[in-house]
Amino acid sequence: MEDFEKRMKEYFRERELGVSEDAWSRMEALLDEAPEKKVRKERKYIWAIAASLILTIGLWTLFKKSMLVSPEELENKPAFVVSDTVKAKLKEHTESKAYVNSNKNSSGQRPALGDAPQSRNKKEEGQKQEKPVLSDLKELKDEEIAVTTRPAEHPVEPEAIASVHKEEQIRIYVNPNKLLRNAEIERQLDNAVTDGKSFWKKIKEINTVVVENSK
Amino acid sequence: MAQKQLFEQYSPKMLSTCRQYIKDFHDAEDVMLRAFMKVFENIGQYRKDGSFEGWIRRIMIRESISFLRSRKQLVFIEDTAQSELGNLMEDAETFGDYQKIIDELPKGCKYVFILNAIEGYKHHEIAELLNISVGTSKSQLAYAKKILKQKIEFKR
């Protein structure tokens, strides 16, 4: 078998087949076609690039136009939109509030369990008609504030507050040269007005400030 | 003209190479012409580390395989097609005609056999070229050899 393969290999390596007479003319035709194909290919690329550029510019201008808002549109637009979830929350809040109020307004006794839903429903409808959504929002805020400003259950000791305040104190450093220059200007002005009578009074004041700060 | 000189020098051998894979002579010649076009276009890429003839031959083989792929002739049959073997034995009257023996081999195993036994390709190279697994390449070669062995014994 190996011998057979060897002979076969040699046979095919040495074999030459005569090409047809017009083989070279066909080859030439193929060679002539090649540059034309290349040019066509290049043209295709150029067209593709141009088309993509036009598309990009077009999309960009459209995007820019959509971003611009006319003054009329701006006027017609609401200042803010209350989302559905916020509305639902507010509704829930008003409902619960109405229910509590109805309980308070009744004779002071706790209502029977079976009565609650009916009165609640009635109140709910009433509340709905009476108050707009925004007023509810305001009430909600007030309540929140009331809750947050409630005094703490464990009062903070005054010593601790004092220590915190002490740490937060702002220290002021005074430039003595600047201070003296200002004092000199003031003295000259005073001299001009009061013949130097209030000068020493001022000096005393400045001196006390400097001594306090240096401490 | 250098191109014509090159064509006249190598075309008989390259046509023989293409003919190994493609049964129809005119198809084989068309494939050879297309492959020569690639040779002329990419002649600058030839590195002088191997023989120039070998470089052209590789282009011919690749072009032949892409032609077979386009015609959906790259079919690999399992080692159970005994009917094809029977036909092969009846047709193989002239043992010296190696081309006829190869032509009568089942598709798939024929290309693996040519690439391995004649061109000297390794299994991983064949697998890459024909887009098959190394295992398929090995089994197809074994299948081709089995058929040829039976053919030789039958002739004796």
Side-chain angles (χ1 to χ4, degrees), chain A residues 1-68 83 85, chain B residues 1 3-22 25-26 28-30 32-41 53-54 57 95-102 105 113-120 141-142 144-153 155-156:
Chain A
M1 183 68 190
E2 275 180 25
D3 195 41
F4 170 77
E5 271 180 43
K6 217 176 186 179
R7 271 187 283 143
M8 192 182 246
K9 196 176 180 178
E10 274 171 25
Y11 168 78
F12 281 116
R13 284 276 171 188
E14 297 300 318
R15 189 177 75 163
E16 286 188 0
L17 292 176
V19 292
S20 56
E21 284 178 7
D22 65 334
W24 176 244
S25 57
R26 279 158 65 202
M27 186 79 245
E28 274 186 318
L30 277 173
L31 285 166
D32 291 337
E33 268 180 34
E36 278 179 33
K37 271 188 184 174
K38 219 176 182 181
V39 168
R40 256 183 262 158
K41 243 185 182 179
E42 279 173 9
R43 268 184 202 162
K44 266 186 190 174
Y45 278 119
I46 291 163
W47 276 112
I49 291 163
S52 58
L53 265 173
I54 291 163
L55 196 75
T56 317
I57 292 163
L59 282 172
W60 176 249
T61 45
L62 270 173
F63 176 71
K64 258 196 158 180
K65 267 188 182 178
S66 67
M67 289 292 282
L68 290 170
S83 71
T85 47
Chain B
M1 201 175 172
Q3 283 175 335
K4 195 180 179 183
Q5 214 175 335
L6 200 80
F7 182 79
E8 281 173 353
Q9 192 181 337
Y10 290 105
S11 62
K13 274 196 173 179
M14 295 309 136
L15 183 60
S16 167
T17 304
C18 294
R19 178 63 189 84
Q20 285 171 35
Y21 299 87
I22 301 156
F25 183 85
H26 297 288
E29 201 175 61
D30 283 342
M32 182 201 69
L33 293 177
R34 280 205 298 273
F36 260 109
M37 268 299 298
K38 286 189 178 168
V39 168
F40 296 141
E41 280 172 357
E53 193 183 313
R57 193 187 289 277
F95 186 67
D97 190 354
Y98 293 107
Q99 184 63 60
K100 196 168 183 181
I101 295 165
I102 282 178
L105 279 172
F113 179 76
I114 298 166
L115 288 167
N116 181 268
I118 298 162
E119 302 296 344
L141 182 69
K145 279 186 177 177
K146 186 183 163 186
I147 293 167
L148 289 169
K149 206 174 177 181
Q150 281 177 346
K151 194 175 165 61
I152 293 161
E153 282 167 6
K155 263 289 171 196
R156 278 174 188 163

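When reading the values below, keep in mind they use all heavy atoms of this one structure, side chains included, and skip hydrogens, waters and symmetry mates.
- Heavy-atom distances place the side chain of Phe40(B), and not its backbone, under 4.5 Å from chain A.
- Heavy-atom minimum distance, Lys13(B) versus Arg13(A): CE-O, 3.8 Å.
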Could you give me the CA-CA distance, side-chain angles and deciding distance for Phe4(A) and Ile101(B), then say whether side-chain contact (heavy atoms from CB on, under 4.5 Å) is met?
-> CA-CA 12 Å; Phe4(A) 170 77; Ile101(B) 295 165; 4.3 Å; yes
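- Side-chain atoms of Phe113(B) and Glu5(A), non-hydrogen and from C-beta on, do get closer than 4.5 Å to each other.
- Note: Phe12(A) CZ to Ile102(B) CD1 = 3.5 Å, rounded to the nearest 0.5 Å.
- Distance check: Leu148(B) CG to Met8(A) CE gives 5.5 Å after rounding to the nearest 0.5 Å.
- For the set Met14(B), Gln3(B), Arg34(B), Glu8(B), the count of heavy-atom pairs under 4.5 angstrom toward chain A peaks at Gln3(B).
- In terms of heavy-atom pairs under 4.5 angstrom with chain A, the leader among Ala117(B), Ala28(B), Pro12(B), Ser11(B) is Pro12(B).
- Of the atoms belonging to Met32(B), it is side-chain heavy atoms, and not backbone ones, that fall under 4.5 Å from chain A.
- Donor-acceptor pairing under 3.5 Å is recorded for the side chains of Gln99(B) and Arg15(A).
- When side chains are defined from C-beta on, Leu17(A) does not count as touching Glu29(B), because their heavy atoms never get closer than 4.5 Å.
- Side-chain contact between Phe36(B) and Leu30(A) is absent, with no heavy-atom pair separated by less than 4.5 Å.
- Only the side chain of Glu41(B) comes within contact range of chain A, judged by heavy atoms closer than 4.5 Å.
- Scanning all heavy atoms of the two residues, the minimum distance from Leu33(B) to Ala23(A) falls at CD2-O, 3.7 Å.
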